[in-house]
Amino acid sequence: MTNKRGKLGEDGSRPDGSRKRRLEGIPRLKEAKFMEEVEGIEVVQSPLSEELQEICEKMVLMEKWWVSRKPASAMDVQNIKLLHEKPYRVSWKADGVQGQEVGKTSHDIRMQCIEKEIEFARSQAAQQGLFDKSREPFSIRAKQFFPVERTEWVLEKWSPKLSHENDGLIFNPAEEPYAPGQCPEVMKWKPHTLNSVDFVLNIRTVKQEGCIPECLGALMVGGYDKPFASIKVTKELKNLDKKVVECTWDAKLNQWKFLKVREDKSYPNGYKTAMSVCKSIKQPVTKKWLLEVIEKYRYHEKKHRDPNVPSTSHTAV
């Protein structure tokens with residue numbers, strides 16, 4: 001692969017002696033996996049992968065796309081007011097491994113495009129024998145979204161029936177175009193006990209004069225060269241050095257608690273994301289409060305419509 005500076009060597013060097021820029025401040029893991037229990041996916045470790053990242057970066061017209069690995073902002077006591085200011089769609093939240101330029105259209109039009117041009121087209125191709133769905137290592141389906149007033153139903157009725165793990169809700173603005181990177185108007189909600197941060201665990205041995213050497217677990221985030229926090233190194237953690245670990249805050253013990261290894265991730269959360277989650281942990285939006293805000297204060301088109309702008313709705317005749 002080449003770029004404007006010429007072909008890359010196997011070590012990432014260019015003909016002029018320069019090297020492809022590194023992702024400063026964000027540790028990168030060498031043993032990344034696509035996701036657990038999915039076979040047939042090979043993770044390619046090569047300097048060429050960074051060239052592909054650079055191409056994708058230019059395609060979405062943004063710099064440093066890797067700073068914000070999560071597109072949604074944690075819901076907190078401040079941004080919950082967005083549910084009152086604009087229409088939203090709601091769906092379950094799960095850990096993912098993420099002609100007309102549809103990215104600039106509204107949420108509902110993008111969903112129609114996925115259904116018609118991806119799901120339906122693939123179904124038709126399979127029926128015509130162009131490929132065998134049974135041999136695919138994973139399937140492609142659109143995540144269903146619902147009007148925000150159905151939030152309680154999604155939580156109580158829909159999510160428990162899903163075939164995969166889910167840990168909260170995603171609120172997507174209905175009329176906004178897609179924005180790459182972290183979008184403050186896309187909100188994720190979790191029960192406060194599940195609000196978590198993905199860190200890189202850096203186990204260090206601390207030696208102090210006159211004391212027995214002690215192992216300390218430094219929790220690192222992207223864009224911050226100092227430990228964001230620390231965690232006690234237990235038997236469960238001692239073999240997870242340099243792994244991405246998901247941790248939640250234990251308010252009773254006043255410390256971070258290990259949840260699971262994120263084998264599907266090569267990078268930790270960025271500093272801003274970690275701070276946003278910490279804010280939502282300290283000032284949580286409870287389920288009761290969330291449902292009350294939606295019931296009493298959610299956006300209503302009639303209340304927000306400009307009286308000088310004619311309605312686009314019509315009735316059948």
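No experiment lies behind these values; they were computed from the predicted model shown.
- Applying the side chain to side chain contact (heavy atoms under 4.5 Å, CB included) test to E295 and every residue at least two apart in sequence or in another chain returns R298.
- Distance alone, capped at 3.5 Å, is enough to place a donor-acceptor pair between the H84 side chain and the Y297 backbone.
- The closest donor-acceptor contact from the side chain of S159 to the backbone of V154 lies under 3.5 Å.
- Scanning for ring pair (Phe, Tyr, Trp, His ring centres under 6.0 Å) contacts around H107 gives F145, with sequence neighbours left out.
- Using a cutoff of 4.0 Å between basic side-chain nitrogens and carboxylate oxygens, E246 and K265 are not scored as salt-bridged.
- Side-chain contact check for K190 and S280: no donor-acceptor pair (N or O, by modelled atom type) lies under 3.5 Å.
- Judged as a ring pair (Phe, Tyr, Trp, His ring centres under 6.0 Å), and not counting sequence neighbours, the contacts of W153 are F146, W158.
- Residues forming a side chain to side chain contact (heavy atoms under 4.5 Å, CB included) with N239 (at least two apart in sequence, or on another chain): none.
- Here the closest non-hydrogen pair linking I231 and K257 is CD1-C, 4.3 Å.
- With sequence neighbours excluded, the residues forming a ring pair (Phe, Tyr, Trp, His ring centres under 6.0 Å) with W249 are W256, listed by chain and number.
- Nearest heavy atoms, V221 versus N269: CB-O, 3.3 Å.
- Partners of E214 according to the salt bridge (charged side-chain N to carboxylate O under 4.0 Å, His left out) rule, which considers only residues two or more places apart in sequence or in another chain, do not exist here.
- For N254, there are no side chain to side chain donor-acceptor pair (under 3.5 Å) partners at least two apart in sequence or on another chain.
- Note that CG of L82 is 11.5 Å distant from CZ of F171, once rounded to the nearest 0.5 Å.
- Checked against salt bridge (charged side-chain N to carboxylate O under 4.0 Å, His left out), E236 has no partners two or more places apart in sequence or in another chain.
- The side chain to side chain contact (heavy atoms under 4.5 Å, CB included) check on S106 picks up D108, I109, with sequence neighbours excluded.
- Taking the side chain to side chain donor-acceptor pair (under 3.5 Å) definition, one finds that K232 meets it with nothing, sequence neighbours left out.
- For R204, there are no side chain to side chain donor-acceptor pair (under 3.5 Å) partners two or more places apart in sequence or in a different chain.
- For F258, there are no ring pair (Phe, Tyr, Trp, His ring centres under 6.0 Å) partners two or more places apart in sequence or in a different chain.
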